[in-house]
Student: 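Handing you this structure, nothing more for now.
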Protein chains: 2
Amino acid sequence: MAVTIREVASAAGVSISTVSRAFTAPDQVGERTLQRILEAATRLGYSPNPAARSLRGGRTGTLGLVIPDIANPFFPPIFKAMQARARRQGYTLLVADSDEREADEIETIAAVVKKVDGLLLWASTLPDDRLVELSRQVPLVLGNRHVDGISEVHVSLAAGLTQAAEHLRAYGHRRCVFVDGSRPELSRGKSIRESFAAHDLALIELGPYEPRFETGVHAATLVAANEATAVVAHNDLVALGILHQLSRLGIDVPGRVSVIGIDDTLLATTATPSLTTIRISAEEIATKAGDLLAETVADPDQPARKVEIGSRLIPRASTGPAAA
Amino acid sequence: MAVTIREVASAAGVSISTVSRAFTAPDQVGERTLQRILEAATRLGYSPNPAARSLRGGRTGTLGLVIPDIANPFFPPIFKAMQARARRQGYTLLVADSDEREADEIETIAAVVKKVDGLLLWASTLPDDRLVELSRQVPLVLGNRHVDGISEVHVSLAAGLTQAAEHLRAYGHRRCVFVDGSRPELSRGKSIRESFAAHDLALIELGPYEPRFETGVHAATLVAANEATAVVAHNDLVALGILHQLSRLGIDVPGRVSVIGIDDTLLATTATPSLTTIRISAEEIATKAGDLLAETVADPDQPARKVEIGSRLIPRASTGPAAA
DNA sequence: ATGAAAGCGCTAACAG
DNA sequence: CTGTTAGCGCTTTCAT
């Protein structure tokens, strides 16, 4: 076993409580004593045993993040930003991938829930009542999912989509396609319909499909057939599928068709042409979700709150003037 | 607090030891007793407190994975595969991103080391002696890093690079460029030099640069200037930079230049044209590294072992016959 | 096959 | 400011 508080105590010639305090409430310990303890601790290579701490204090010092698919490039930046934030607040972040399947998600949550002080569940597929139940078991915050009585961070695409509409309109586009790849519950369709209608842009909706590259490949042909001059895709991945197929069909982007993605992932920056897309800031998610979670952990009985995450258009090379 | 072993015990009319056994050694408990306990446990919603378990047993039931950058698309599949494997072995996986900086890595490791039964460190930037020291503190396996006396999984690109050389040679290429983006210690240069020499392919080496998209953009111009007909990039990201710039220069891929990446990430599949690349199987890494780590945890004093991970070429649309 | 009891390392009253 | 003490929930001898 590793070195314990007791050995530090005897090395420093104090009691174990004083050593404990030296780590949890240094200001309650005498100047010189503190020095001696810290010195002894470093020399012996002591660091507190988290298991004992948790057992005693009921706090684990870790926050949980459950996401549907870390291979979706939308999530790694969130992971990073949340980890950085958690660490600054003295927490370790435990990230688990639920593989986008309900059964796996249940298992994932079960594996994690007893090891964390609070949980952020992104785009959960679980039924409302299970989430309500879970929220009684652990401080809980939902991402992109609404359940009455549970705090939530919600990504709003409204701002970004409005900017996209303005952008396309300014370039003279009139007829656009939206490739929907959502689960119906959280369809991005409604939001885009409103924004585009407000800017007098005709919108043809395709789908819903799965949000995959192949979906874009398939949809590209339909875009051409619909005589639209611009497409908004469900996300960057789908947009890349569109770009890919358009290129094979010899349809120039943005010369004949403009393409817009959503999420501003690595895929958008590295695409050819680079992809105009709607950015959702990982830092903003981490900050707001992290704060909300921290507050929920601190006071689990406060009323549920809803926090909005904004979005904005990042114009790049895949959009341009409408073809004549 | 949640329901404890004591409540289950009294509900089932047995002692707490028997309940404990029901969960840790069910075969040592009478048939009917076991039934009753399990029934009571489910009814009460009991599940063992991991903190108490760890404290008592010294085992945490979690395995740690420290990676340099989860935003590098090479890592998410490894995360997923490792998590799946760990779970099947009854472990939770704790993943931490060290942000590619030594100071962060030290902090990251410190944050997780006491919370895990074993640690897999990928591409660590720490000096040898620190790693040796760490290996005395926790069962340790290294990924793509060699330190005497510590077990290691090592990705060998030899097979994939040989296939790449054969592939290019068969297409009539003679003059190739390699864009090096490695830290010098783990340069991919040596391996490719040998493979290409063996196939009588002239190899011009550029770099070393940082393994970024912009590196590829920059290198593309040099490729053209060197009159090479094929490029191998340090990884898919760099390859996409090359693709991007080649496209802007109006140089057709694979008509005038063939491009090969390394890693077979999502970027390769979604590129236009889709990218020929060298695949390193995440499943193979997870399986071999997971087993090695499990064995190291089970018997920390066994001699260090080295396990090789293979690679192979995935031909796609970015390679073709050499220009005349 | 089951129970009693002793801690694992630590924190948080409570005393002084 | 510092020490004493009682557990946190569980596993694990040691009995029975």
Side-chain angles (χ1 to χ4, degrees), chain A residues 1-41 44-62 90 92 110 113-117 137-138, chain B residues 1-41 44-62 90 92 110 113-117 137-138:
Chain A
M1 260 307 39
V3 30
T4 79
I5 204 175
R6 230 169 295 272
E7 308 174 40
V8 179
S10 74
V14 296
S15 77
I16 61 166
S17 354
T18 307
V19 177
S20 176
R21 280 185 207 107
F23 284 88
T24 55
D27 44 313
Q28 294 179 28
V29 177
E31 180 75 12
R32 301 182 46 81
T33 327
L34 187 60
Q35 292 305 317
R36 242 181 321 129
I37 293 174
L38 263 25
E39 186 277 324
L44 269 44
Y46 168 80
S47 78
N49 176 329
R53 269 196 167 167
S54 312
L55 182 55
R56 183 60 237 234
R59 296 172 16 86
T60 62
T62 113
T92 306
V113 70
K114 309 274 281 190
K115 300 190 172 185
V116 302
D117 295 334
Q137 202 182 139
V138 66
Chain B
M1 264 293 54
V3 31
T4 79
I5 204 175
R6 230 169 294 272
E7 308 174 40
V8 178
S10 74
V14 295
S15 76
I16 62 163
S17 347
T18 307
V19 177
S20 176
R21 280 186 205 105
F23 283 89
T24 55
D27 43 315
Q28 291 179 30
V29 177
E31 180 74 14
R32 301 181 45 82
T33 327
L34 186 61
Q35 291 304 318
R36 245 183 318 130
I37 294 173
L38 262 28
E39 186 276 326
L44 269 43
Y46 167 80
S47 78
N49 175 328
R53 270 197 167 164
S54 310
L55 182 55
R56 185 60 240 236
R59 295 170 16 85
T60 62
T62 112
T92 305
V113 70
K114 308 274 284 189
K115 299 189 175 186
V116 302
D117 295 334
Q137 200 183 139
V138 65

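Only a predicted model underlies this, so the values are computations on that prediction, with no experimental measurement involved. By convention in this document, chain letters (A, B, ...) are assigned in the order of the sequence lines, proteins followed by strands, and residues within each chain are numbered from 1.
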Student: What is the distance, rounded to the nearest whole Å, between atom CG of A:Asp27 and atom C1' of D:dT2?
Tutor: 14 Å

Student: Just to be sure I understand the rule, does A:Ser54 reach a base, reach only the sugar-phosphate, or reach nothing, if contact means heavy atoms closer than 4.0 Å?
Tutor: nothing

Student: Sort and list the pairs that fulfil salt bridge (Lys or Arg N to Asp or Glu O under 4.0 Å) and have at least one residue in residues 48-60 of chain B, not counting sequence neighbours.
Tutor: B:Arg59-B:Asp117

Student: Can you confirm whether B:Val19 sits close enough to B:Val14 that some side-chain heavy atom of one is under 4.5 Å from a side-chain heavy atom of the other?
Tutor: yes

Student: Can you name the side-chain hydrogen bond (donor to acceptor under 3.5 Å, both in side chains) partners of A:Thr62, sequence neighbours left out?
Tutor: none

Student: Keeping to residues at least two apart or across chains, list the salt bridge (Lys or Arg N to Asp or Glu O under 4.0 Å) pairs with something in residues 6-30 of chain B.
Tutor: none

Student: Name all residues meeting the side-chain hydrogen bond (donor to acceptor under 3.5 Å, both in side chains) criterion together with A:Gln28; count only those two or more places apart in sequence or in a different chain, and write none if there are none.
Tutor: none

Student: Is any side-chain heavy atom of B:Thr4 closer than 4.5 Å to a side-chain heavy atom of B:Asn49?
Tutor: no

Student: How many Å lie between CG on A:Asn49 and P on D:dG9, as a whole number?
Tutor: 17 Å

Student: How many Å lie between CG on B:Leu55 and C1' on C:dG7, as a whole number?
Tutor: 9 Å

Student: Please state how far atom CG in B:Leu44 lies from atom C1' in D:dG9, giving the value in whole angstrom units.
Tutor: 15 Å

Student: Name the residue closer to the 5' end of DNA chain C, choosing between B:Val14 and A:Ser47 according to the nucleotide with the nearest heavy atom.
Tutor: B:Val14

Student: Going by side-chain hydrogen bond (donor to acceptor under 3.5 Å, both in side chains), name the residues that satisfy it together with B:Gln35, two or more places apart in sequence or in a different chain.
Tutor: none

Student: Please state how far atom CD in B:Gln35 lies from atom P in C:dA1, giving the value in whole angstrom units.
Tutor: 15 Å

Student: Produce a footprint string for nucleotides 11-16 of chain D: one letter per nucleotide, 5' end first; B if the base is under 4.0 Å from any protein heavy atom, S if only the sugar-phosphate is, - if neither.
Tutor: BBB---

Student: A:Thr92: what forms a side-chain hydrogen bond (donor to acceptor under 3.5 Å, both in side chains) with it, not counting sequence neighbours?
Tutor: B:Lys115

Student: Show every side-chain hydrogen bond (donor to acceptor under 3.5 Å, both in side chains) that has at least one partner inside residues 9-20 of chain B, sequence neighbours left out.
Tutor: B:Ser15-B:Ser17, B:Ser15-B:Thr18

Student: In whole Å, what is the span from the NZ atom of B:Lys115 to the C1' atom of C:dG9?
Tutor: 15 Å

Student: Note the angle between the end axes of the helix from C:dA1-D:dT16 to C:dG16-D:dC1, five pairs defining each, rounded to 10 degrees.
Tutor: 30°

Student: If I take atom CD1 in residue A:Ile37 and atom P in nucleotide D:dG3, what distance separates them, rounded to the nearest angstrom?
Tutor: 8 Å

